[in-house]
Amino acid sequence: MPDLPNLNSSVRYAKGVGEKKAQLFKRLGISTIFDLLHHFPTHYEDRSHIVPIGHTLADKKQVIQGKILLVDQLKAGKNLSILKVAVRDTTGIIYAIWYNQEYLSQYLKKEKELLVSGKVEWKFGERQIKVEDFELLTGDEEDNLHLKRIVPFYPLTEGLSHRMLRRIIKLNLEKLSPYLVDILPQEMKRHYSFIPFKEALNNIHFPESFPRQKEAHRRLVFEEFFLLQSALALKKREYKKERGISFKVGDGLIKSFFHSLPYPLTLSQKRVIKEVLEDMHGSQPMNRLLQGDVGSGKTIVATIALLTAILNGYQTALMAPTEILAQQHWLNLRELLHPLNIKLALLVSDLPSREKKEILKGLKEGKIQLVIGTHALIQEEVDFYKLGAVVIDEQHRFGVMQRLSLRSKGKLPDVLVMTATPIPRTLALTSYGDLDLSVIDELPPGRKSIITRWISESRRKELYQFITQELKRGKQAYFVYPLIEESKELDLKPAQDAADHLKRDIFPNFKVQLLHGRMKREEKEKIMHLFRMGKISILVSTTVIEVGIDIPNANLMVIENTERFGLAQLHQLRGRVGRGAKQSYCFLLTGKKISEEGRKRMKVMCKTTDGFRIAEEDLNLRGPGEFFGTRQWGMLNLKIADLIKDAKMLYLTRKEAFQLVQKDPELKSYPRLREGIERRFPHRLELAKVG
Ligand code: ADP
Ligand code: MG
């Protein structure tokens, strides 16, 4: 006899499912019985009170039930048909109204018992109900699942109806009742007065009342976040067991390097550098995320980390998401580190093969002390002699796997990842929860807040006049055009045309230059060099300048078709200006058609330059799936908890989980909890082993 199905069994062994339905469930992301029981309703309808037809009130949503008396179909216009069904109970008659759903008449037969929910209205002296939802009742016992109670509604897929899901979930809740045991530690349950797990599951699917449903929800949200945070805590713990490199810090050379900087560091920078150096000094490998808004000065922190490793006799790597940014870092660091006589190289993908060979050789033999590059750094052919520290800039452009593969080029090197994408704290604690977090929360002094204006097309001329004035004073400007895909010839056209137009008709006395991602590397380098030197006044560009570019004298930005960009990207783009002491401006131009959401985005941009606030708004506007990118979000795989609404719960569970893992590093006294984590977030624990 096969084992009884348990929570980990395939959903096809669930009661009432079988092979065919299991395929349908796959589409809903349900593969095990556990998943099935964690397929939560999106909303409920209170059908516990069926209103006698004669007592229904106008303009209010209500549920009625009665026998079908009569079915009538009316043509009310070319594109409008009305299905009108008279329903009677002992107190009266009401007409249920459907629009353009003629096909339903084949099901709605006289004498059948019908349940309808919707808004009731008085019309032409009749009582009508506009059908929002309805069910034909079969008269058997099962009807009790679908009415006379608070009824759940689920995410569906073709071939699976609410009725089926209700039935299947109910059956399995009962059947698997013995397995529905609490995995939360006893003391925690008591402390938060949680209802038992079984009760929570029952009440989330088939609430006895709305207060009970709330309690169930609270408990399940807690559990989900708590399992996730426990997984992260375990993973982090595993990192901490590793023996990495213990660097000597505070070398005299570093001190003189500090003194040679053209500016004093901000307090935030100092604090963060201290955190980084403490990590590097410790014997556990550093795994740290450095967050700081655009322009907050992260590069210098990275430089100090890299330099420390180099002075300890190790090789280092700095990876950036675009060639232009890698190039900029290379130029910068070459200059900063020049007095120290350090051997640097730039590794990008389309180098001439002889040059590339030489760099690969230099890395393998340990002659190159700092390599700066793009994805090219994680190619298989890249080998280091003794890699001690790596920095990944603009980490949000890379995946976890890329981080890990750069790390694996050395023997447990120290890793610092940096991002300006202001990840809301809630996400930082989930997606990057295995990393230690450092935050630079101030900008260098003397920066003026960027003035941002949403300009209507009719004022374009005025805008050009203003820009001309600024250019005459020696300032520089970016004109940015959105691209759907940089790879397509067609998409480059608007930027190309605009560059020609601006050059010829608007700014004939200034040097205007186009820059886009498909240009040859040398060409891009040359253009950026000329722009940096002030030899180009206007850079007409696609979004290749989005990340990292730092040219303080450029204080003007015009963004065309702004509505096509997301908030996070706009914030990054705007971050290219406002880097000097001079007042900076960002002008947003939009196309004619702009959605309500688009308008909101423009307003947010004009209202604030605070990256964290923008990120929160972005998350609110787009929802987590869009915001994080579906893949990353899919990996997170939350079924009930909501990063925005349940943020408080997230912080709470994080505290609890890390405390518990501190007390019991392998959760030996909590075998059920451990099992629960493995079932719910296996991927998270897996990474712990790989990383
Ligand atoms: P981001 O955090 O966006 O990478 P950068 O490291 O590019 O920022 O720094 C932005 C600009 O601010 C650079 O021109 C840098 O030289 C300058 N900068 C960094 N730190 C300071 C500071 N403490 N005081 C003044 N300017 C600074
Ligand atoms: Mg940067």
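Values reported hereafter were calculated over all heavy atoms of this structure, with side chains retained and with hydrogens, waters and symmetry mates removed.
Remark: Ser161 pairs with no residue by the side-chain hydrogen bond (donor to acceptor under 3.5 Å, both in side chains) rule, at least two apart or across chains. Remark: Arg218 engages Tyr192, Phe194, Met649 in a side chain to side chain contact (heavy atoms under 4.5 Å, CB included) (not counting sequence neighbours). For Ile594, the side chain to side chain contact (heavy atoms under 4.5 Å, CB included) partners at least two apart in sequence or on another chain are Trp454, Glu563, Thr590, Arg599, Met602. A search for side-chain hydrogen bond (donor to acceptor under 3.5 Å, both in side chains) contacts involving His217 returns nothing, not counting sequence neighbours. Applying the ring pair (Phe, Tyr, Trp, His ring centres under 6.0 Å) rule to His49 yields no partners; only residues at least two apart in sequence or on another chain are considered. In terms of the side chain to side chain contact (heavy atoms under 4.5 Å, CB included) criterion, residue partners of Ala216 (sequence neighbours excluded) are, by chain and number, Ile195, Ala200, Asn203, Ile204. Residues meeting the ring pair (Phe, Tyr, Trp, His ring centres under 6.0 Å) test with Phe153, sequence neighbours left out: His43, His162. Residues satisfying the side-chain hydrogen bond (donor to acceptor under 3.5 Å, both in side chains) criterion with Lys189, sequence neighbours excluded, are Asp182. Residues meeting the ring pair (Phe, Tyr, Trp, His ring centres under 6.0 Å) test with Phe206, sequence neighbours left out: none. Taking the side-chain hydrogen bond (donor to acceptor under 3.5 Å, both in side chains) definition, one finds that Glu675 meets it with nothing, sequence neighbours left out.
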Salt bridge (Lys or Arg N to Asp or Glu O under 4.0 Å) between Arg613 and Asp610, worked out: CA-CA 5 Å; Arg613 277 195 50 201; Asp610 177 341; 5.7 Å; no

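Contact of the Ile614 side chain with the Leu570 side chain is not registered, since no non-hydrogen atoms from C-beta on lie closer than 4.5 Å. Contact of the Leu70 side chain with the Ile68 side chain is not registered, since no non-hydrogen atoms from C-beta on lie closer than 4.5 Å.
Contacts classified as salt bridge (charged side-chain N to carboxylate O under 4.0 Å, His left out) and involving residues 52-63 (residues at least two apart or in different chains) are given here: Glu45-Lys61, Lys61-Glu132. For residues 66-78, the side-chain hydrogen bond (donor to acceptor under 3.5 Å, both in side chains) pairs, not counting sequence neighbours, are Gln73-Ser105.
When every heavy atom of Ala58 is checked against every heavy atom of Trp122, the shortest pair comes out as CB-CD1, 3.7 Å.
With hydrogens and angles ignored, the 3.5 Å screen pairs no side-chain donor or acceptor of Glu215 with any backbone N or O of Arg212.
Lys236 has a carboxylate O that lies under 4.0 Å from a charged side-chain N of Asp436, or vice versa, which qualifies the two as a salt bridge. The residues Lys607 and Glu617 are annotated as salt-bridged, a charged nitrogen and a carboxylate oxygen being separated by less than 4.0 angstrom.
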